[in-house]
Amino acid sequence: QQQVKQSPQSLIVQKGGISIINCAYENTAFDYFPWYQQFPGKGPALLIAIRPDVSEKKEGRFTISFNKSAKQFSLHIMDSQPGDSATYFCAATRSGTASKLTFGTGTRLQVTL
Amino acid sequence: SAVISQKPSRDICQRGTSLTIQCQVDSQVTMMFWYRQQPGQSLTLIATANQGSEATYESGFVIDKFPISRPNLTFSTLTVSNMSPEDSSIYLCSVDPLGGLSTDTQYFGPGTRLTVL
């Protein structure tokens with residue numbers, strides 16, 4: 001599987017702050033980039049996703065920024081809340097490849113009061 | 001979306017034994033996937049299981065160690081055979097309700113936490 005690099009490994013943000021998680025990929029054939037949120041003891045849940053035909057996608061407090069030329073994409077969580085404390089995974093796949101997801105290494109986010 | 005359940009939710013097993021994990025989906029899906037998530041690590045795809053065909057395994061995973069069944073469009077099993085402590089992980093199934101034709105969106109089950117002593 002092609003690699004997806006994710007940083008930082010862990011992140012502590014104060015309530016109300018902005019959480020930023022970055023990912024970089026190698027395979028230029030990737031054309032779908034989802035973000036998953038995982039709480040302890042639960043399976044990952046799809047949070048938001050983007051395709052490379054747009055540079056930004058926003059859903060509520062969550063925004064993906066996408067830089068195709070740099071092969072990078074990032075998740076921004078605005079007005080971070082303690083309930084956002086979870087592990088976040090970026091992923092990538094190429095359409096038509098049986099949806100095989102390549103996951104980043106994960107970022108453990110802690111939002112403090 | 002799809003609602004996915006897994007059984008068991010957790011288990012503690014002795015080395016050398018085998019465990020079969022069940023994955024049930026609330027709707028018919030073509031594509032099901034099995035992942036392994038080692039403690040504190042990311043998810044690694046074990047295999048893709050499509051109904052009516054043999055499972056396709058990723059590099060580093062073999063059928064003898066992880067046999068998979070897919071008897072119908074709502075159910076699959078993964079067996080972890082001849083277990084060793086290195087097999088201690090969370091095993092997750094996921095589905096792509098649209099069969100990879102459009103959104104490539106996958107939904108995950110809650111996982112099975114396996115500890116091998």
Side-chain angles (χ1 to χ4, degrees), chain A residues 1-10 21 23-25 27 29-54 57 59 64 73 86-110, chain B residues 1-6 8-10 21 23-25 29-51 53-61 89-113:
Chain A
Q1 292 182 356
Q2 296 291 326
Q3 192 174 16
V4 176
K5 296 180 180 179
Q6 184 172 346
S7 63
Q9 186 175 7
S10 63
I21 303 170
C23 285
Y25 61 98
N27 188 346
F30 286 150
D31 61 0
Y32 181 71
F33 304 89
W35 284 89
Y36 283 85
Q37 179 188 57
Q38 186 177 30
F39 294 104
K42 304 292 185 181
L46 180 65
L47 190 62
I48 186 173
I50 196 168
R51 293 193 183 275
D53 53 345
V54 296
K57 183 175 182 179
E59 291 184 0
I64 299 178
F73 59 109
T87 299
Y88 293 81
F89 293 96
C90 63
T93 187
R94 177 167 64 92
S95 297
T97 59
S99 303
K100 293 181 182 180
L101 287 170
T102 299
F103 282 87
T105 49
T107 296
R108 181 169 295 184
L109 171 65
Q110 181 181 354
Chain B
S1 64
V3 177
I4 305 164
S5 60
Q6 287 185 233
S9 59
R10 60 177 61 225
I21 302 168
C23 179
Q24 180 75 52
V25 189
V29 294
T30 303
M31 303 177 71
M32 296 182 74
F33 306 86
W34 286 98
Y35 287 83
R36 181 174 73 183
Q37 185 176 26
Q38 295 178 305
Q41 301 296 316
S42 186
L43 289 82
T44 301
L45 180 64
I46 297 172
T48 303
N50 293 338
Q51 196 270 337
S53 62
E54 295 291 322
T56 303
Y57 290 82
E58 297 300 305
S59 176
F61 297 96
S89 290
I90 299 172
Y91 291 86
L92 298 131
C93 71
S94 72
V95 302
D96 180 350
L98 295 181
L101 297 177
S102 180
T103 66
D104 295 305
T105 298
Q106 286 189 32
Y107 298 92
F108 284 82
T112 295
R113 184 178 294 269

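What you see is a predicted model; the values in this text were computed from it and never measured. Protein chains get the first letters and strands the later ones, always in sequence-line order, with residue 1 at the start of each.
At least one donor-acceptor pair under 3.5 Å links the side chain of A/K57 to the backbone N or O of A/A49. The backbone N or O of B/S42 sits nowhere less than 3.5 Å from a side-chain atom of A/T105 that would complete a donor-acceptor pair.
For A/Q6, no part lies under 4.5 angstrom from a heavy atom of chain B. Of the two parts of B/Q6, neither the backbone nor the side chain holds a non-hydrogen atom closer than 4.5 Å to a non-hydrogen atom of chain A.
Aromatic pair B/F33/B/F108: centroids not less than 6.0 angstrom apart. A/Y36 and A/F89 have their aromatic ring centers separated by at least 6.0 angstrom.
Ranked by heavy-atom pairs under 4.5 Å with chain B, the list A/G106, A/A45, A/G104 is led by A/G104.
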